[in-house]
Amino acid sequence: MSDTRLFRSLRLYNYRVWAIGALVSNIGTWMQRVAQDWLVLTILTDHNASAVGITMALQFGPQLLLLPFTGYAADRFDRRRLIMLTQALLGLLALGLGLVTVTGVVTLWQVYAFALGLGCVTAFDGPARQVFVNDLVGERYLANAVALNSTSFNSARMIGPAVAGVLIAAIGTGWVFLVNAASFAAVLGSLFLLRTDQLYTSLKSGRRAGGLLEGFRYVWRRPDLKAMMVMLFLIGTFGFNFPIYISTMSVTIFHGGADQYGLLTSALAIGSVGGALLAARRERPTLPLLAMSTLAFGVFCMLAGVAPHVIVFAAMLTMTGFSALTFNTASNALMQLTTDPAMRGRVMALRMAVIMGGTPLGAPIVGWLADHAGPRWAMMVAAASGLIAAAVAARLILHERRRQASPG
């Protein structure tokens with residue numbers, strides 16, 4: 001019997017406990033992101049954007065470099081224990097950064113070192129956490145749980161930066177790091193409280209499974225997974241550069257300040273939360289949904305790029321966030337549901353690497369175009385990525401229909 005209730009995954013004790021801890025931790029994580037950028041940009045340097053870029057590269061680069069190990073670890077080891085280890089390490093890193101900051105001894109190279117440490121630990125934490133959702137709810141509620149996770153993440157994305165801004169102004173950046181360190185107690189407590197006998201533990205891969213190479217081979221043999229990876233690369237590389245799009249449109253086209261930039265970023269986040277909540281009502285995503293969401297992403301990016309007024313731009317951003325989140329949650333759930341349980345960790349690690357790895361390639365191109373041709377043309381690149389991704393999805397749908405129609 002179909003179950004389309006919005007919060008149906010929360011009926012399960014394990015997911016309910018996990019969701020509470022994850023929300024608190026997500027808010028702390030977004031607080032730290034804002035405080036870290038502020039520390040580098042305004043305290044340790046004289047508004048040096050390159051230093052912020054280096055910090056981001058150190059924090060996100062390890063997800064690509066450690067790819068041969070991270071997905072295999074998520075498949076091979078007990079995911080609950082692995083996440084407990086990574087979350088504890090992330091909490092200790094936040095504590096360390098907070099202590100050197102509040103004592104006034106922090107330097108730029110120390111922030112770089114902590115960012116690299118965060119990146120290395122997060123590289124193992126991310127794939128394990130994504131696949132762990134299936135362990136919590138089973139395949140029946142997986143699509144709903146993935147959508148609710150996105151709702152939590154994007155809700156924290158609205159709350160965390162606002163709280164961080166208040167705390168930075170009131171007590172300083174160091175204390176924000178310490179608050180984030182304390183927030184990890186919530187997710188660690190939730191992991192301790194889980195009923196392990198109620199986990200839907202997937203089959204672990206054998207020691208001779210071949211690691212990353214086997215993951216590549218598995219995806220290569222699957223036309224549907226290959227197509228989704230191509231779509232993720234296109235939109236992740238050229239579409240998800242929202243800080244560039246929003247900041248340049250806000251400053252150079254609509255001549256606004258930091259307050260307008262913040263409101264426009266919130267407009268995008270509001271759309272993302274709305275997309276996640278609607279996704280939570282679906283029992284199972286489909287390929288046509290991927291096609292429609294990427295098409296909508298392209299169309300709304302195009303409309304945002306030609307928006308004549310900031311209010312129209314904000315409205316288009318909300319719809320862009322809605323369609324982007326729909327695509328993200330649908331592709332996540334569909335890839336997990338159609339992947340062999342023993343390969344899920346490696347496939348999800350590849351998925352994260354495609355999304356995160358494309359940003360260093362696409363962001364400089366989009367930034368250069370915004371500088372030389374204007375931000376409206378830069379947004380056309382995002383629009384094109386969505387339209388091309390929709391064409392890839394349409395081709396996949398035709399391929400699947402032909403395969404099903406062919407005899408034998």
Side-chain angles (χ1 to χ4, degrees), residues 9-10 12-26 29 62-63 66-92 118-150 152-153 184-212 214-215 218-219 329 332-353 355-356:
S9 294
L10 293 175
L12 303 177
Y13 169 83
N14 277 347
Y15 184 75
R16 190 164 61 246
V17 170
W18 164 261
I20 294 171
L23 176 60
V24 174
S25 181
N26 283 335
T29 297
Q63 299 198 41
L66 296 175
L67 183 59
F69 313 103
T70 56
Y72 182 67
D75 283 330
R76 184 68 187 89
F77 301 113
D78 184 300
R79 282 186 281 270
R80 175 174 165 270
R81 293 181 179 178
L82 177 59
I83 296 169
M84 290 173 73
L85 174 61
T86 56
Q87 291 292 301
L89 290 173
L90 290 171
L92 288 174
L118 285 168
C120 292
V121 178
T122 303
F124 286 91
D125 182 74
R129 286 185 64 168
Q130 291 205 30
V131 183
F132 188 60
V133 175
N134 186 78
D135 295 347
L136 292 168
V137 302
E139 294 195 358
R140 180 183 177 187
Y141 294 122
L142 179 60
N144 176 256
V146 168
L148 291 181
N149 275 2
S150 294
S152 170
F153 183 79
F184 284 97
V187 71
L188 285 169
S190 71
L191 288 164
F192 276 110
L193 292 172
L194 294 180
R195 297 169 182 168
T196 56
D197 60 326
Q198 294 180 12
L199 291 175
Y200 298 80
T201 306
S202 302
L203 176 67
K204 299 292 188 296
S205 59
R207 291 188 178 275
R208 54 190 181 85
L212 177 65
E214 184 62 24
Y218 181 83
V219 171
T329 55
N332 186 324
L334 196 57
M335 291 178 81
Q336 290 205 55
L337 287 168
T338 58
T339 296
D340 188 301
M343 296 298 298
R344 279 187 183 136
R346 275 160 286 187
V347 171
M348 296 311 289
L350 284 170
R351 181 183 189 276
M352 292 183 66
I355 296 175
M356 302 301 297

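All values below come from the heavy atoms of this structure, side chains included, with hydrogens, waters and symmetry mates left out. Predicted model only: the values in this text are computed from it and were never measured.
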Query raised in the report: Is Y218 close to L350 at the side-chain level, that is, under 4.5 Å between some pair of heavy atoms?
Result: no
Query - Sub-4.5 Å side-chain heavy-atom contact between F153 and L23 - result: no
Query - Inter-residue atom distance L142.CG - R344.CZ, 0.5 Å rounding - result: 6.5 Å
Query raised in the report: Are more than 12 heavy atoms from other residues, nucleotides or ligands located less than 6.0 Å from atom CZ of R16?
Result: yes
Query - Gap between atom CG of L334 and atom CG of N332 - 0.5 Å precision - result: 10.0 Å
Report summary line: A123 and L66 have their tightest heavy-atom pair at CB-CD1, 4.1 Å
Query raised in the report: Does any N or O in the side chain of R79 come within less than 3.5 Å of the main-chain N or O of A74, such that one atom is a donor and the other an acceptor?
Result: yes
Query raised in the report: Between CH2 of W18 and CG of L12, what distance do you get to the nearest 0.5 Å?
Result: 15.0 Å
Query raised in the report: Is the closest side-chain heavy-atom distance between F184 and V24 below 4.5 Å?
Result: no
Requested in this report: Mark yes or no for whether T86, through its side chain, and I83, through its backbone, hold a donor-acceptor pair below 3.5 Å.
Outcome: yes
Requested in this report: Answer whether the closest heavy-atom distance between the side chains of L148 and Y15 falls below 4.5 Å.
Outcome: yes
Report task. Indicate yes or no: at least one non-hydrogen side-chain atom of S190 is less than 4.5 angstrom from one of V187. Result -> yes
Query raised in the report: For the residue pair A128 and L82, what are the closest heavy atoms and their distance?
Result: CB-CD2, 3.8 Å
Query raised in the report: Can you tell me how far CG of N149 sits from OG1 of T329, rounded to the nearest 0.5 angstrom?
Result: 11.0 Å
Requested in this report: Can you measure from CG (D125) to CZ (R129) and round to the nearest 0.5 angstrom?
Outcome: 5.5 Å
Query raised in the report: Are the side chains of L136 and L194 in touch, meaning some heavy atoms are under 4.5 Å apart?
Result: yes
Query raised in the report: Taking atom CZ of R346 and atom CZ of F69, what is their separation to the nearest 0.5 Å?
Result: 13.5 Å
Query raised in the report: Would a 4.5 Å heavy-atom cut-off, applied to side chains only, mark D135 and R80 as touching?
Result: no
Requested in this report: May I ask you to decide if A22's main-chain N or O and N26's side chain share a donor-acceptor pair within less than 3.5 Å?
Outcome: yes
**Report entry** Atom of G345, atom of D75 and distance for their closest heavy-atom approach
**Finding:** N-OD1, 2.6 Å
Query raised in the report: Checking R195 against Y13: charged group under 6.0 Å from the ring centre and within 45 degrees of the axis?
Result: yes
